[in-house]
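The structure under discussion appears below in the form of C-alpha cells.
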Amino acid sequence: MARRAAPARGTSARKRSERRPEPVAVTVDGGLAELVPDRERPHAWTLLLDSAPQSHVDLDDPSYLSFAYQRRLGHVIDLAAPPNQPLQVLHLGGGAFTLARYIAATRPRSTQQIVEIDAALVQLVRRELPLDPQARIRVRSADARDGLGRIQDDWADLVIADVFSGARTPAHLTSAEFLAEVRRVLKPDGQYAANLADGPPLAHLRGQVATAASVFPELALAADPAVWRGRRFGNAVLVASDLPIAVAELTRRVAGDPHPGRVEHGRALVGFTGGAAVVTDGAARPSPAPPPGTFS
C-alpha cells in the first residue's frame, strides 16, 4: 500500500491563519468593547463600544479609511502639509488608533501622542490590533483635557479630537477654555480637527462652531447633506486654525468621497450658528445622545 504523503510543513499553520477570525468582546472601562472582523477585508476590524461603531482598522492597509468621518479627518491630515512631510500630532481619544496608523503609513517619521482615558481599551487594542513597532506613536492613558495640559506650547502641527463617552462628547471638551488649551499646544500654523456628533435641531453643533470661532479666526465644517439639513443624527468634522484652511481642496475631496459631504466656511458657516452662544466651562454640557436605532 502506498504511503500517504506527509503534509507540507506549515500547512496546518496556514489553514489556521486562513480561518475566518472570530469577534472579540471584552468589558472595558467605557462599557462592552467588541472587535468585529470585516467580511470583505481579511485583516480588518471594526471596534464597537456598547454597540456604537467607534473605529475601523485594516492591519494590511492602514491607509484605508472606512468610516466617512475618518475619511474627512484623513483629508485634513493630507492637506496639513506637503505629501510625506512628517507631522507632530496629538490625538485626543484613541479608539483603535486608526488615524495614528494612517499618519504613520502616509507620513513616515511623524511623531504622535495618543491620549486615551480607557486603559483597558488601550490594552485590548494593543493586544489584538498591535501597532507597528517602528511607528513613533506614544499612547498615554489619561483624561483628554488632562493629557492636553501636559503638552508643551507650540508642539503640535495637528490636534485631532475624537472623544466619546457613551457615544457623547464629554462636557469639558466642548468649551472655549478647552479650545484655548488646544490653541496653546498648536504651532502658529497648526490646525485643530474634531469629530462632532449631533442631530436635529443641531443646537450642539451650532454652539461648537460659535465656540471655535471665539478662539480661531479660520473655520470649516464638513458633514453629510442630511446632517446639514437637520434630517438625521450624524457626524461632522470641524477644522480650525489661525491661518487660512485649504477649503477649496477640502471641499473637492469631501464631495468626492463614497458618501459625499458638504463643506461650509466663512459667512455661510457664521450664518449657520444662528447666534448660538459661546460655550464656557461653567455652562458646558455633553453632546446629545444618539436617538434609539441610530446604529442598528
Side-chain angles (χ1 to χ4, degrees), residues 70 72-94 99-100 102-104 106-115 135-138 140 142-163 169 172-196 207-222 236-254 263-270 273 278-281:
Q70 289 183 330
R72 288 163 192 162
L73 287 169
H75 297 324
V76 175
I77 293 164
D78 292 345
L79 296 172
N84 298 314
Q85 179 176 313
L87 296 175
Q88 293 188 173
V89 184
L90 174 64
H91 301 264
L92 302 178
L99 293 171
Y102 178 83
I103 291 170
T106 60
R107 295 182 177 275
R109 305 185 312 283
S110 291
T111 301
Q112 302 185 72
Q113 297 190 48
I114 299 172
V115 181
R136 300 169 62 180
I137 301 173
R138 177 186 179 189
R140 176 185 300 168
D143 172 79
R145 189 152 167 182
D146 289 344
L148 176 66
R150 297 190 185 105
I151 305 298
Q152 68 190 59
D153 294 2
D154 301 331
W155 181 83
D157 295 296
L158 189 61
V159 174
I160 300 174
D162 186 10
V163 185
T169 301
H172 67 302
L173 304 180
T174 67
S175 68
E177 292 90 339
F178 163 70
L179 289 180
E181 273 292 279
V182 169
R183 190 168 185 259
R184 175 189 65 79
V185 166
L186 285 171
K187 296 177 182 179
D189 59 349
Q191 292 187 349
Y192 171 66
N195 176 30
L196 308 175
Q208 288 302 284
V209 173
T211 303
S214 73
V215 178
F216 294 98
E218 300 290 336
L219 300 178
L221 187 70
V237 168
L238 175 67
V239 188
S241 179
D242 280 343
L243 298 181
I245 297 163
V247 174
E249 182 60 18
L250 179 63
T251 299
R252 185 187 70 80
R253 295 188 183 207
V254 169
V263 176
E264 292 289 2
H265 71 292
R267 290 184 178 179
L269 191 54
V270 172
T273 65
V278 173
V279 177
T280 62
D281 277 343

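Nothing fancy with the numbering, it's 1 onward along the sequence. Note that the coordinates shown come from a computational prediction; the quantities given were computed from them, not determined experimentally. The figures that follow rest on heavy atoms only: side chains count, while hydrogens, waters and symmetry mates do not.
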Heavy atoms only: give me the nearest [X]-[Y] pair and the separation to one decimal.
| X | Y | value |
| --- | --- | --- |
| Val247 | Ala220 | CG2-CB, 4.4 Å |
| Ala144 | Val163 | CB-CG2, 4.1 Å |
| Leu269 | Glu264 | CD2-O, 3.7 Å |
| Thr280 | Ser175 | C-CB, 3.7 Å |
| Ala210 | Val278 | O-CG2, 3.8 Å |
| Pro188 | Asp242 | O-CB, 3.9 Å |

Within the distance-only criterion (no hydrogens, no angle test), does the side chain of [X] pair as donor or acceptor with the backbone N or O of [Y] below 3.5 angstrom?
| X | Y | value |
| --- | --- | --- |
| Arg72 | Ala222 | no |
| Gln70 | Leu99 | no |
| Arg138 | Gln113 | no |
| Ser110 | Leu87 | yes |
| Thr211 | Val279 | yes |

For Val182 and Val215, run side chain to side chain contact (heavy atoms under 4.5 Å, CB included): C-alpha distance rounded to whole Å, both residues' side-chain angles, the deciding distance at 0.1 Å, then the answer.
CA-CA 10 Å; Val182 169; Val215 178; over 6 Å; no

So do [Y] and [X] actually touch side chain to side chain, heavy atoms under 4.5 Å?
| X | Y | value |
| --- | --- | --- |
| Arg150 | Val115 | no |
| Asp162 | His91 | no |
| Ile245 | His265 | no |
| Leu243 | Glu218 | no |

Might you work through the side chain to side chain contact (heavy atoms under 4.5 Å, CB included) test for Gln208 and Thr169, ending with a clear yes or no?
CA-CA 11 Å; Gln208 288 302 284; Thr169 301; over 6 Å; no

Check step by step if side chain to side chain contact (heavy atoms under 4.5 Å, CB included) holds for His75 and Val237.
CA-CA 11 Å; His75 297 324; Val237 168; over 6 Å; no

Can you measure from [atom1] ([X]) to [atom2] ([Y]) and round to the nearest 0.5 angstrom?
| X | Y | atom1 | atom2 | result |
| --- | --- | --- | --- | --- |
| Arg183 | Asp154 | CZ | CG | 10.0 Å |
| His172 | Asp281 | NE2 | CG | 9.5 Å |
| Ile151 | Glu181 | CD1 | CD | 10.5 Å |

Knowing that exactly one of Thr111, Leu186, Leu148, Leu158 qualifies, which makes a side chain to side chain contact (heavy atoms under 4.5 Å, CB included) with Leu90?
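So, applying the side chain to side chain contact (heavy atoms under 4.5 Å, CB included) to Leu90 and each of Thr111, Leu186, Leu148, Leu158, only Leu148 qualifies.
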
For side chain to side chain contact (heavy atoms under 4.5 Å, CB included), just list the numbers for Leu79 and Leu250, CA-CA rounded to whole Å, side-chain angles, deciding distance to a tenth of an Å, and then say yes or no.
CA-CA 8 Å; Leu79 296 172; Leu250 179 63; 4.0 Å; yes

Check the angle between the aromatic planes of Phe216 and Tyr192 and answer parallel, tilted or perpendicular using the 30° and 60° thresholds.
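Because their plane-to-plane angle is under 30°, the rings of Phe216 and Tyr192 count as parallel.
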
Less than 4.0 angstrom from a charged side-chain N to a carboxylate O is my criterion; do Arg107 and Asp157 meet it?
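Not counted as a salt bridge, because no side-chain N and carboxylate O are separated by less than 4.0 Å.
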
